[in-house]
Amino acid sequence: LCSLTLHLPDEAATEALARQLAPLVSGGQTGPAGACIHLQGDLGAGKTAFTRALLRECGITGRIKSPSYALLESYKVFNLYFYHLDFYRFSDSREWLDAGFRDLLRADAVVLIEWPERAEGLLPPPDLLISLAYAGDGRDATLTAYTARGQTWLNAIVP
Ligand code: ADP
Ligand code: MG
């Protein structure tokens, strides 16, 4: 596995990282077929802030809510679907099956998942795992690639 750690001193740095990843995830040769990103980190680490910035960069213009209560928020830009999931409140695999979450992992969708560890064993490995940790007033982001596509994204990131 290949990984990269970046220090993000403020939210603008988080947004800049999202700006770099957005075109890789949603277009061209590296996306969008079934692209998936997992986001880990404590409450307030910036998983939603990063995802919101990425979705904005991908062209989503309306309100972008945290899916912490609904488990899922869906968006569509042209023919591409974006699914933002948060498994913080997820408790058992029946919930996963009943809600048909597996159907979201489709070729015409980009899937972003907060708290993927709460649904461990139910999720395939993501292209990229972004782990966010408090570091002083800012955050450290560790990006780990689990697929060849994720590796391509990592290689394209300018620290
Ligand atoms: P999570 O989804 O991980 O629980 P949120 O994204 O809801 O966290 O909240 C993150 C908070 O941290 C927001 O208040 C946001 O403004 C702030 N934040 C985001 N990125 C950074 C950063 N790089 N440095 C400092 N604060 C940040
Ligand atoms: Mg969140």
Side-chain angles (χ1 to χ4, degrees), residues 1-26 31-32 35-77 80-93 95-96 98-102 104-105 109-146 150 153-159:
L1 295 182
C2 198
S3 71
L4 169 72
T5 299
L6 304 169
H7 181 62
L8 306 171
D10 51 28
E11 190 162 1
T14 299
E15 288 165 2
L17 177 61
R19 201 171 305 127
Q20 286 204 64
L21 270 166
L24 301 167
V25 167
S26 70
C36 183
I37 296 179
H38 287 183
L39 296 118
Q40 291 186 328
D42 291 341
L43 284 175
K47 303 177 294 298
T48 299
F50 173 84
T51 304
R52 189 175 279 131
L54 186 114
L55 293 171
R56 282 270 175 260
E57 289 295 324
C58 289
I60 287 141
T61 53
R63 181 153 177 240
I64 299 174
K65 284 192 284 181
S66 170
S68 41
Y69 292 92
L71 283 184
L72 168 69
E73 296 290 340
S74 306
Y75 308 92
K76 192 184 180 193
V77 180
L80 185 58
Y81 292 86
F82 292 85
Y83 297 118
H84 181 190
L85 294 107
D86 185 331
F87 285 133
Y88 186 65
R89 282 159 205 286
F90 186 87
S91 50
D92 69 285
S93 54
E95 214 171 333
W96 165 268
D98 290 351
F101 282 129
R102 187 166 283 280
L104 302 179
L105 306 169
V110 172
V111 179
L112 298 130
I113 306 179
E114 299 183 42
W115 295 99
E117 61 270 42
R118 301 268 162 121
E120 203 158 18
L122 297 169
L123 297 171
D127 294 301
L128 192 69
L129 167 65
I130 302 179
S131 294
L132 294 161
Y134 288 89
D137 290 337
R139 307 289 187 266
D140 282 335
T142 299
L143 285 63
T144 306
Y146 286 88
W153 299 348
L154 268 192
N155 293 343
I157 288 172
V158 182

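Order of listing sets the numbers, starting from 1, for every ligand and every atom in it.
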- Note on the structure: Note: L132, heavy atoms under 4.0 Å from ligand 1, region reported as neither
- Query: Applying a 4.0 Å heavy-atom criterion (strictly less than), which segment of R52 is in contact with ligand 1: side chain, backbone, both, or neither?
  - Reply: neither
- Message: Checking a contact table here: which protein heavy atom is nearest atom 6 (O) of ligand 1, and how many Å away?
- Response: A49 N, 2.7 Å
- Heavy-atom contact under 4.0 Å between A13 and ligand 1? no
- Nearest-contact summary for atom 11 (C) of ligand 1 - protein heavy atom, Å: G44 O, 3.6 Å
- among protein heavy atoms, the one nearest atom 12 (O) of ligand 1 is R139 NH2, 3.0 Å
- Which atoms of ligand 1 have any heavy atom of E114 under 4.0 Å away? 2 (O)
- Taking 2.8 Å as the cut-off, does an N/O/S atom of E114 lie below it from the Mg ion (ligand 2)? yes
- Taking non-hydrogen atoms only, is L8 closer than 4.0 angstrom to ligand 1 via side chain, backbone, both or neither? both
- Item | Atoms of ligand 1, numbered as shown, that sit under 4.0 Å from any heavy atom of L43 | 4 (O)
- Message: Counting backbone and side-chain atoms alike, is an N, O or S atom of T48 positioned under 2.8 Å from the Mg ion (ligand 2)?
- Response: yes
- Task: Report yes or no: does D137 have a heavy atom closer than 4.0 Å to ligand 1?
- Result: yes
- Which part of D42 is near ligand 1, with near meaning a heavy atom under 4.0 Å away: side chain, backbone, both or neither? backbone
- Item | atom 22 (C) of ligand 1 touched by protein (heavy atom, under 4.0 Å) | yes
- Note on the structure: Among K47, E15, E11, the residue with a heavy atom nearest to atom 15 (C) of ligand 1 is E11
- Could you check atom 7 (O) of ligand 1 against the protein and tell me its nearest heavy-atom contact, residue, atom and distance included? T48 CB, 3.8 Å
